[in-house]
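First comes the structure, then the notes that go with it.
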Number of protein chains: 2
Amino acid sequence: MQRDPPTGKITIVDIARAAGVSIKTVSRVINQEEGVGDETRARVLEIVTTMGYRPNVSARSLSSRRSYLIGVIFMRVGAYHYVGEVQVGAMRACRRAGYHLVVEQVLPPEAVGGVQGFAEGLRDARFDGVVLTPPTCDDPEVLAAVETAGLPYVRIAPHREFERSPYVFMDDRKAAREQTLRLWNMGHRRIAFIDGPADHGSATRRRQGYIEALRDRGVEPRPEWIAKGEFLSLSGFDATERLLALPERPTAIFAANDEMAVGALAAAAKHGLSVPRDLSVVGFDDTPTAEAAWPRLTTVHQPTAEMAEAAVEMLIDGFGDERLRARVAARQLDYSLVQRDSAAPPLA
Amino acid sequence: MQRDPPTGKITIVDIARAAGVSIKTVSRVINQEEGVGDETRARVLEIVTTMGYRPNVSARSLSSRRSYLIGVIFMRVGAYHYVGEVQVGAMRACRRAGYHLVVEQVLPPEAVGGVQGFAEGLRDARFDGVVLTPPTCDDPEVLAAVETAGLPYVRIAPHREFERSPYVFMDDRKAAREQTLRLWNMGHRRIAFIDGPADHGSATRRRQGYIEALRDRGVEPRPEWIAKGEFLSLSGFDATERLLALPERPTAIFAANDEMAVGALAAAAKHGLSVPRDLSVVGFDDTPTAEAAWPRLTTVHQPTAEMAEAAVEMLIDGFGDERLRARVAARQLDYSLVQRDSAAPPLA
DNA sequence: CTGAAAGCGCTTACAG
DNA sequence: CTGAAAGCGCTTACAG
């Protein structure tokens with residue numbers, strides 16, 4: 001056998017010639033289609049391996065109108081641990097199926113381009129499908145752009161219009177309810193909540209769970225117990241300062257995410273309060289920060305990577321199906337409570 | 001003018017027909033090539049806009065052998081704030097030049113696939129070029145895989161073999177030296193250092209800067225003042241516990257990154273030490289964590305997004321040039337010291 | 001079970 | 001300044 005140039009210029013024609021078959025047969029083998037004799041298939045496969053043949057994806061895309069590219073859309077790429085987890089999970093699913101992951105960002109409306117630029121980007125990015133993350137997955141303009149581009153999409157943890165597309169989710173509300181009840185059952189009666197941004201559905205659902213738990217116990221949560229936050233650590237710090245300034249201090253603080261909980265820890269330190277002795281603090285998400293905080297943060301584990309992985313799977317599985325968007329599909333993943341060191345019964 | 005189907009099936013042929021020119025002329029206009037009359041160019045451009053034409057990237061790739069895809073390679077995608085920043089910067093440069101960003105992960109050697117799987121992935125990912133981040137950018141196997149694939153690449157903050165490829169960097173050593181001297185000038189004489197992982201060149205360079213600063217002042221740093229860390233917050237916590245157990249406690253701790261500095265803060269809190277009164281703690285990187293910590297962390301700003309942006313720019317600029325890799329190119333970006341609240345003169 | 005033909009939508013190389 | 005032809009490397013649709 002002649003040595004081929006090392007630059008990987010081996011094409012389907014070379015394989016066909018070496019195997020003594022037509023390129024169509026090679027194509028069938030490559031794509032694991034039926035209708036090839038076992039012997040032929042084995043022979044072609046061996047030649048493919050020895051010659052190190054990899055199909056040219058552009059050619060494949062051009063004729064099949066598939067790109068083997070999945071886009072994952074974020075609002076902010078720089079800020080959250082969340083982004084990394086989503087990418088890890090999505091890449092796992094992509095890799096299994098021979099797809100690659102392209103990261104896209106919807107710039108905020110005030111930025112040059114904004115949703116408009118995003119929509120244009122979608123058109124020449126030739127995705128086979130996209131995964132939408134919160135809060136982008138609830139943005140009407142973004143949804144419109146994706147649908148106009150005719151792209152199949154799956155949403156992660158959407159907050160509205162559940163029939164509009166397949167999605168992956170976990171029960172934030174129920175988890176937050178359990179988290180709150182855990183504090184209640186420890187003996188806490190003045191439990192405060194640090195809320196997230198209004199455009200994040202998860203923040204809303206978690207707040208609902210918190211309120212629901214208190215009402216279940218016959219307590220109407222006071223408005224001043226719910227402090228505004230922005231999912232960022234600094235906002236948790238500020239919110240906690242406000243909560244600690246209340247005439248009747250809460251004995252426990254439930255932050256809608258771990259970042260804010262860490263901010264709450266810092267505020268407690270500033271005020272000379274020992275956690276969990278003087279104040280219990282719990283978070284939500286179970287990011288590495290939660291494990292690294294001191295004291296280690298009691299929180300709720302959100303299976304972020306797994307949710308992204310499931311989303312990509314649903315997307316890819318649906319490619320064969322014309323009616324992907326019609327088939328209202330949803331996959332629910334489980335959370336779990338993570339007991340660590342930042343919550344304890346109140347002193348008095 | 002007839003209304004075209006909304007699915008974006010407009011091709012170069014449609015434009016050519018509508019403009020009364022050949023597809024070659026349209027191609028010239030699209031690609032901003034010379035040799036088109038001003039009037040013709042304007043007319044084509046207008047038709048392109050009104051018809052909403054976007055070139056099919058697969059077709060373009062197939063004939064031009066360009067993919068307009070840039071890969072960015074990480075070791076871990078889930079763990080660091082760093083990853084997000086790199087992506088933000090890289091996407092900025094990609095967007096400007098009409099490229100898209102694909103995220104790839106080199107799995108650790110023990111994982112299924114490992115570098116082998118990575119190399120295969122490279123081959124059918126059809127990147128025009130890749131950006132290598134630390135510590136992957138110093139991994140001989142990864143470098144070999146990229147070079148074997150014949151891919152142009154730019155490294156961010158490499159630690160070795162600087163002639164091997166273009167790269168972007170900042171002077172970690174000098175920054176760490178300044179950071180250490182800042183503590184010295186406050187009056188600190190027992191300054192400890194929390195080191196990063198051995199495979200991260202930046203950790204080594206920062207340690208060198210620390211040692212150099214002390215030697216400049218006539219002090220030979222004691223071995224026990226340099227504590228091993230892993231760039232993760234928990235390791236900073238543990239390292240600090242060891243440092244605080246020393247017979248002669250350090251009065252200041254310089255952590256090789258912010259995450260570990262935050263861990264140091266937590267350890268100080270655990271031991272009832274008030275920062276910066278009883279102990280000064282400084283970090284490196286200027287991540288959001290540094291701003292959110294309490295007290296807010298004095299650190300060094302590393303322009304991570306800008307470095308990634310510059311790397312992608314160098315890559316794209318070099319595509320025209322056959323001798324990209326021969327042209328030893330390097331771009332240095334500036335750090336800056338960020339003074340916040342976690343460092344102060346020692347008590348005694 | 002297998003293949004010959006046409007075509008996907010561009011760019012390259014060449015010609016004028 | 002402009003264009004006709006060939007070709008990139010596959011898959012689709014059809015035939016046998």
Side-chain angles (χ1 to χ4, degrees), chain A residues 4-5 7-45 48 51-69 98 123-126 128 319-320 322, chain B residues 4-5 7-45 47-48 51-69 98 123-126 128 319-320:
Chain A
D4 293 276
T7 11
K9 345 184 85 174
I10 306 146
T11 75
I12 198 171
V13 175
D14 300 316
I15 303 298
R17 191 146 31 203
V21 296
S22 74
I23 60 169
K24 178 60 203 165
T25 296
V26 177
S27 175
R28 286 200 182 89
V29 174
I30 299 292
N31 295 298
Q32 308 184 49
E33 285 170 24
E34 298 189 341
V36 181
D38 288 346
E39 281 178 40
T40 312
R41 185 181 298 273
R43 182 155 38 92
V44 169
L45 228 35
V48 163
M51 294 182 77
Y53 167 68
R54 313 287 297 194
N56 176 312
V57 197
S58 298
R60 172 181 278 180
S61 298
L62 183 57
S63 48
S64 71
R65 288 136 196 293
R66 279 206 189 186
S67 68
Y68 296 90
L69 249 30
R123 300 196 48 184
D124 50 29
R126 76 267 193 214
D128 286 345
F319 286 158
E322 287 292 315
Chain B
D4 294 275
T7 11
K9 347 184 83 174
I10 305 147
T11 74
I12 198 171
V13 175
D14 301 317
I15 303 298
R17 194 149 25 207
V21 296
S22 73
I23 59 169
K24 179 59 204 165
T25 296
V26 177
S27 176
R28 285 198 182 90
V29 173
I30 299 291
N31 295 298
Q32 307 184 47
E33 285 170 25
E34 297 189 341
V36 182
D38 289 346
E39 279 177 41
T40 311
R41 185 182 299 273
R43 182 155 37 92
V44 170
L45 229 35
I47 292 171
V48 163
M51 294 182 77
Y53 167 67
R54 312 288 297 192
N56 176 311
V57 197
S58 297
R60 172 181 276 181
S61 297
L62 182 57
S63 48
S64 72
R65 287 134 195 295
R66 279 207 189 185
S67 68
Y68 296 90
L69 250 29
R123 300 196 49 186
D124 50 28
R126 77 268 193 210
D128 286 344
F319 286 158

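Order of the sequence lines fixes the chain letters, A, B, ..., with proteins taken first and strands second; residue numbering starts at 1 for each chain.
- Contacts with DNA chain C (heavy atom under 4.0 Å) in residues 23-40 of chain A: A:Lys24, A:Thr25, A:Arg28, A:Gly35, A:Val36, A:Gly37, A:Thr40, listed by number.
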Bracket notation of DNA chain D in which parentheses pair within the strand, [ ] cross earlier pairs, and | pairs with another strand (Watson-Crick or G-U, under 3.5 Å): |||.||||||||.|||
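- Contact detail for B:Met51 and B:Ile10: the closest heavy-atom pair is O-CD1, 2.8 Å.
- Counting non-hydrogen atoms under 4.0 angstrom, A:Val13 reaches nothing in the nucleic acid.
- Closest approach of A:Arg41 to A:Glu33, counting heavy atoms only: NH2-O, 2.8 Å.
- Nucleotides of DNA chain C lying under 4.0 Å from heavy atoms of chain A occupy a range whose first and last members, 5' to 3', are C:dC1 to C:dG9.
- Closest of all the heavy-atom pairs between B:Ile30 and B:Pro55 is CG2-CG, 3.8 Å.
- Taking A:Tyr68 as the reference, A:Tyr99 meet the ring pair (Phe, Tyr, Trp, His ring centres under 6.0 Å) condition, with sequence neighbours excluded.
- Listed by chain and number, the residues in a side chain to side chain contact (heavy atoms under 4.5 Å, CB included) with B:Ile23 are B:Ile12, B:Val13, B:Ala16 (sequence neighbours excluded).
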Cut-off 3.5 Å, no hydrogens considered: what does the side-chain donor-acceptor table look like for residues 57-65 of chain A, sequence neighbours left out?
unit_1  : atom_1 : unit_2  : atom_2 : d
A:Arg60 : NH2    : A:Asn31 : OD1    : 3.3
A:Ser61 : OG     : A:Val57 : O      : 2.7
A:Ser61 : OG     : A:Arg66 : O      : 2.8
A:Ser63 : OG     : A:Ala59 : O      : 3.1
A:Ser64 : OG     : A:Arg60 : O      : 2.6
A:Ser64 : OG     : A:Arg66 : N      : 3.3

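- A pairwise comparison of heavy atoms in A:Arg28 and A:Val36 identifies CB-CG2, 3.6 Å as the closest pair.
- A:Tyr53 and A:Ile15 get closest at one heavy-atom pair: CB-CD1, 3.6 Å.
- Shown here for B:Asp128 and B:Ser67, the closest heavy-atom pair between the two residues is OD1-N, 2.7 Å.
- Both A:Tyr68 and B:Ser64 sit near DNA chain D, but only B:Ser64 has its closest nucleotide nearer the 5' end.
- For the atom pair OG1 (A:Thr11) and CZ (A:Arg17), the distance works out to 7.5 Å, reported to the nearest 0.5 Å.
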